[in-house]
Amino acid sequence: MADTELSAEIKSALAGVEIPGGGDLASYPGLSEIIVTPGAIAFAIAVQPGMEAAFGPARDDAHKRAQALGGARKVMVSITAEKSSGPKFSHGSPVPAGKTSVKGVRRIIAVGSGKGGVGKSTTSVNIALALAAEGLKVGILDADLYGPSVPKLLGLEGRPAIREDGIFSPHEAFGVKAISIGSMLVPGQAVVWRGPMATSGLRQLLRETDWGELDVLVIDLPPGTGDIHIGLFQQAVVDGVVIVSTPQDLALIDAQKAIDMLRRMNVPVLGLVENMSYFIAPDTGNRYDIFGSGGAEKAAADLDLEFLGAIPLVMSIRENSDAGAPSVAVDPEGPEAAAYRAIARRLVTRIP
Ligand code: ADP
């Protein structure tokens with residue numbers, strides 16, 4: 001059945017769901033668009049603050065009806081209540097209570113950047129493999145809703161399996177477990193996932209994936225700061241965030257914004273990685289500091305952050321990424337892998 005047909009069919013089924021105060025969910029103005037992908041069905045119910053619990057039974061009923069029509073698809077129904085008072089986080093406000101750790105996961109390291117295209121995903125994946133090379137049990141969660149590239153970087157195909165109890169079985173590649181928000185979406189659909197749905201999708205990937213026992217879960221965040229970041233930092237204990245930047249981004253203004261948010265939310269910033277830092281000529285192996293190196297290192301010092309290391313700009317990193325086999329796996333003894341592994345070792349000492 002075409003996704004739009006299923007979406008319409010679910011909407012009709014929601015006409016049978018009673019909501020508090022009378023009426024049915026299908027005609028309730030707070031019902032979001034019903035998103036149907038090959039792997040998932042997602043919608044949100046916006047309610048007045050304080051009405052979340054009252055809408056619980058309606059949500060459960062809606063979930064049941066959507067599941068009955070959706071077959072093997074994972075159903076995500078979230079209740080959202082807009083708090084009307086001011087910005088979500090005022091400067092220095094404590095992180096809201098209710099953060100919990102993720103079952104089976106000992107540490108979470110998130111990887112962020114001020115803007116897109118700096119090599120954040122490439123760095124996340126290679127750091128994850130480098131941590132695994134240190135003997136750790138590692139998972140990677142691709143939360144970059146607007147540009148999910150982990151499946152491509154790791155050569156993952158198809159959607160993750162869903163167990164009978166609704167729990168995701170992650171993919172396994174190069175010895176790490178991996179799951180991507182991208183496998184839940186059909187191309188081009190990410191933009192229609194609104195804030196609460198993105199947050200709820202992330203929550204389910206995080207909490208309803210069979211991670212087994214992991215020493216570290218690496219989360220590839222979307223660039224910048226947004227709903228996914230706030231949602232994650234509010235609900236889960238994140239041990240620290242690595243910021244990836246390029247030397248061209250010398251003023252690092254975007255990165256600085258991201259760091260400010262992390263500090264406001266009391267999320268530890270583990271340090272800065274400078275990507276595409278210097279160029280290694282493929283023919284001679286000579287190193288060229290084409291951008292004038294050291295920008296990120298100086299910026300890290302200015303921002304009172306640890307400098308975690310520099311990754312060269314090398315064609316092979318791009319080629320390996322395109323081929324779905326990251327540099328750390330393809331050439332574990334090569335100079336690129338050495339750069340990633342040095343960063344991984346530094347991270348291990350930062351988060352024992
Ligand atoms: P982001 O996640 O920040 O959007 P990506 O990881 O998708 O960035 O990287 C953007 C592009 O840059 C990709 O084509 C990737 O292969 C390439 N790239 C990333 N890091 C390097 C590097 N150190 N050397 C060469 N190419 C790189």
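Whatever order the structure lists them in is the order used to number ligands and atoms, beginning at 1.
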Near Pro312 (heavy-atom distance under 4.0 Å), the atoms of ligand 1 are 22 (C), 23 (N), 24 (N)

So that I can tick it off, tell me whether Lys74 and Glu208 are bridged by a salt bridge, with the cut-off set at under 4.0 angstrom between side-chain N and carboxylate O. yes

Atom indices of ligand 1 within 4.0 angstrom of Ser321 heavy atoms, with elements: 16 (O)

Nitrogen or oxygen of Gly119 less than 3.5 angstrom from that of ligand 1: yes

Any N or O of Ser113 that comes nearer than 3.5 Å to an N or O of ligand 1? no

The atoms of ligand 1 lying under 4.0 Å from a heavy atom of Val314, numbered in the order shown, are 24 (N), 25 (C)

CD1 on Ile228 to CG on Leu145, rounded to 0.5 Å: 5.0 Å

State plainly whether the residues Glu213 and Arg106 are in salt-bridge range, i.e. N to O under 4.0 Å. no

Please find the pair of heavy atoms, one from Ser169 and one from Pro160, that lie closest to each other, and give the distance. O-CB, 3.5 Å

Verify, without hydrogens or angle tests, whether Asn275 (side chain) and Thr246 (backbone) share a donor-acceptor contact under 3.5 angstrom. no

Ring pair (Phe, Tyr, Trp, His ring centres under 6.0 Å) pairs, two or more places apart, involving residues 47-68: Tyr28-Phe55

Give the intermediate values and the outcome of salt bridge (Lys or Arg N to Asp or Glu O under 4.0 Å) for residues Arg318 and Asp322. CA-CA 6 Å; Arg318 182 190 293 263; Asp322 287 348; 5.7 Å; no

re atom 4 (O) of ligand 1, the protein heavy-atom contact at minimum distance is Gly117 N, 2.9 Å

What are the two closest non-hydrogen atoms of Leu154 and Pro326, and how far apart are they? CD2-CG, 3.9 Å

Should you measure from each heavy atom of Leu313, which atoms of ligand 1 turn up under 4.0 Å away? 24 (N), 25 (C)

among protein heavy atoms, the one nearest atom 20 (N) of ligand 1 is Asn275 ND2, 3.0 Å

With respect to Tyr340, determine whether any N or O atom, backbone or side chain, lies less than 3.5 Å from an N or O atom of ligand 1. no

Protein non-hydrogen atoms only, distance under 4.0 Å: does atom 11 (C) of ligand 1 have such a neighbour? no

Can you tell me if CD on Glu18 sees more than 12 non-hydrogen neighbours from other groups inside 6.0 Å? no

If the threshold is 4.0 Å, N to carboxylate O, is there a salt bridge linking Lys64 and Asp60? no

Of all protein heavy atoms, the one nearest atom 6 (O) of ligand 1 is Thr122 OG1, 2.6 Å

Output the list of atoms in ligand 1 that are nearer than 4.0 Å to some heavy atom of Ile311, sorted by atom number. 23 (N)

Look at atom 13 (C) of ligand 1 and say which protein heavy atom is nearest, naming residue and atom and giving the distance to 0.1 Å. Arg318 NH1, 4.4 Å

Closest protein heavy atom (residue, atom, distance) for atom 18 (N) of ligand 1: Met276 CE, 3.8 Å

closest protein heavy atom to atom 21 (C) of ligand 1 is Ile317 CG2, 3.6 Å

We want to know whether Ser327 and Asn126 form a side-chain donor-acceptor pair, criterion being a heavy-atom distance below 3.5 angstrom. no

Would Asp322 count as a polar contact of ligand 1, with the cut-off being nitrogen or oxygen pairs under 3.5 Å? no

Using a strict 4.0 Å cut-off to heavy atoms of Lys120, name the atoms of ligand 1 that fall inside it. 1 (P), 2 (O), 3 (O), 6 (O), 8 (O)

